[in-house]
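Worksheet: the structure to be examined is printed underneath.
Only heavy atoms go into these numbers, but all of them, side chains included; no hydrogens, no water, no symmetry mates. Counting from 1, the numbers follow the sequence of the chain as shown.
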Amino acid sequence: MTSRFLTIVLHSLVLAVANIGSILVGFAVHNVAGSANRIAVQLPVAAVLTVVGFSLWLMACHRSGQLTIDVEAAADATWIYLLAVPWAIALLTPLHFVTQTHLPSLSNIFAVAVFQGVVNIITVPVAVALVRARGAK
């Protein structure tokens with residue numbers, strides 16, 4: 001395994017953690033807000049937090065010179081995007097079991113994967129663009 005591969009795997013893990021963490025924060029905001037429509041509150045909060053969190057992570061890595069990816073080519077970003085889904089499933093399953101005492105339903109897993117598919121298609125390019133922009137200065 002190469003350093004580049006491990007870097008991509010680590011970034012995809014961080015993206016999955018950002019996804020799951022953001023979904024949980026969105027749920028907490030919904031509970032505090034007392035909104036009747038959970039999805040209307042949870043989704044926008046989770047989407048924004050995912051974009052901001054992962055972008056800050058990727059910019060910090062590049063600023064430090066550690067765990068850098070090729071921001072000029074699409075391959076690294078594509079692999080990060082794709083590998084985040086299995087990471088999220090691997091994280092969601094034990095987290096759900098520990099907190100809810102049962103495994104997540106397939107619809108729950110599917111909902112997280114759909115969230116990732118939509119949000120991460122925005123998150124990864126935004127994070128890469130911010131790294132590029134910071135590097136140009």
Side-chain angles (χ1 to χ4, degrees):
M1 282 193 240
T2 67
S3 174
R4 178 175 171 245
F5 174 75
L6 291 175
T7 297
I8 290 169
V9 168
L10 179 61
H11 286 312
S12 64
L13 172 61
V14 169
L15 180 56
V17 168
N19 292 142
I20 300 290
S22 296
I23 290 168
L24 292 173
V25 170
F27 184 72
V29 169
H30 153 72
N31 285 339
V32 169
S35 169
N37 190 342
R38 178 179 56 87
I39 300 299
V41 174
Q42 187 178 17
L43 279 180
V45 169
V48 168
L49 288 177
T50 295
V51 172
V52 170
F54 186 72
S55 295
L56 290 173
W57 162 261
L58 200 60
M59 289 189 310
C61 289
H62 276 264
R63 186 176 307 120
S64 73
Q66 302 296 314
L67 303 171
T68 60
I69 61 168
D70 183 359
V71 295
E72 300 304 323
D76 289 1
T78 301
W79 279 112
I80 291 167
Y81 172 81
L82 293 173
L83 291 174
V85 173
W87 273 123
I89 294 168
L91 294 170
L92 176 66
T93 302
L95 177 66
H96 195 277
F97 187 78
V98 167
T99 61
Q100 306 299 313
T101 68
H102 59 87
L103 294 174
S105 65
L106 287 178
S107 63
N108 225 358
I109 293 170
F110 183 72
V112 171
V114 168
F115 171 81
Q116 286 184 288
V118 173
V119 171
N120 291 351
I121 201 77
I122 297 164
T123 301
V124 174
V126 165
V128 168
L130 288 171
V131 168
R132 276 190 202 139
R134 299 282 302 172
K137 293 181 178 184

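L83 and V124 fall within the same hydrophobic cluster, defined by Ile, Leu, Val, Met, Phe, Trp and Tyr side-chain heavy atoms under 4.5 Å apart, directly or through other members. F5 and V85 are not part of a single hydrophobic cluster, where members link through side-chain heavy atoms under 4.5 Å apart. Tracing side-chain contacts under 4.5 Å through hydrophobic residues (I, L, V, M, F, W, Y), one never reaches V52 starting from L49; they form parts of separate clusters. In the hydrophobic clustering of ILVMFWY residues, with side-chain heavy atoms under 4.5 Å counting as a link, L6 and V17 come out together. Under the 4.5 Å side-chain contact rule for hydrophobic residues, I122 and W79 share a cluster.
Inter-residue side-chain proximity for N37 and V41 is flagged as unmet; no heavy-atom pair is nearer than 4.5 Å. In this structure, the side chains of T50 and L15 come closer than 4.5 Å at one or more pairs of heavy atoms. Two residues are said to be in side-chain contact when any heavy atoms from C-beta on lie closer than 4.5 Å; P104 and T93 meet this criterion.
Nearest heavy-atom pair, A84 versus A16, reported as atom, atom and distance to 0.1 Å: O-CB, 3.5 Å. Between S105 and S107, the shortest heavy-atom contact is OG-OG, 2.9 Å. Contact detail for N19 and F115: the closest heavy-atom pair is ND2-CE2, 3.9 Å. Taking all atoms of both residues into account, the shortest heavy-atom contact from R38 to Q42 is NH1-OE1, 2.6 Å.
Rounding to the nearest 0.5 Å gives a distance of 10.0 Å between OG of S3 and CD1 of I8. Separating the OG1 atom in T99 from the CG atom in L92 is a distance of 8.5 Å, to the nearest 0.5 Å. Here R4 contributes atom CZ and T68 contributes atom OG1; the two are 10.5 Å apart, rounded to the nearest 0.5 Å.
The main-chain N or O of G117 is found under 3.5 Å from a side-chain atom of Y81 such that the two form a donor-acceptor pair.
Annotation: side-chain contact (heavy atoms from CB on, under 4.5 Å) contacts of I69 (sequence neighbours excluded): T7, H11, L58, H62, V71, D76, I80, V128. L130 pairs by the side-chain contact (heavy atoms from CB on, under 4.5 Å) definition with S55, M59, V126, not counting sequence neighbours.
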Evaluate the criterion side-chain contact (heavy atoms from CB on, under 4.5 Å) for residue pair V9 and W87; output intermediate values, then yes/no. CA-CA 9 Å; V9 168; W87 273 123; 3.7 Å; yes
- prompt: Given the rule in the side-chain contact (heavy atoms from CB on, under 4.5 Å) test, do L103 and H96 qualify, once you have shown the distances and angles that lead to the verdict?
  reply: CA-CA 6 Å; L103 294 174; H96 195 277; 5.8 Å; no
| query | Are T123 and N120 close enough, and set up right, to give a side-chain contact (heavy atoms from CB on, under 4.5 Å), and what steps lead you there? | reply | CA-CA 5 Å; T123 301; N120 291 351; 4.0 Å; yes
**Derivation of the side-chain contact (heavy atoms from CB on, under 4.5 Å) call for I20 and V112** = CA-CA 8 Å; I20 300 290; V112 171; 4.0 Å; yes
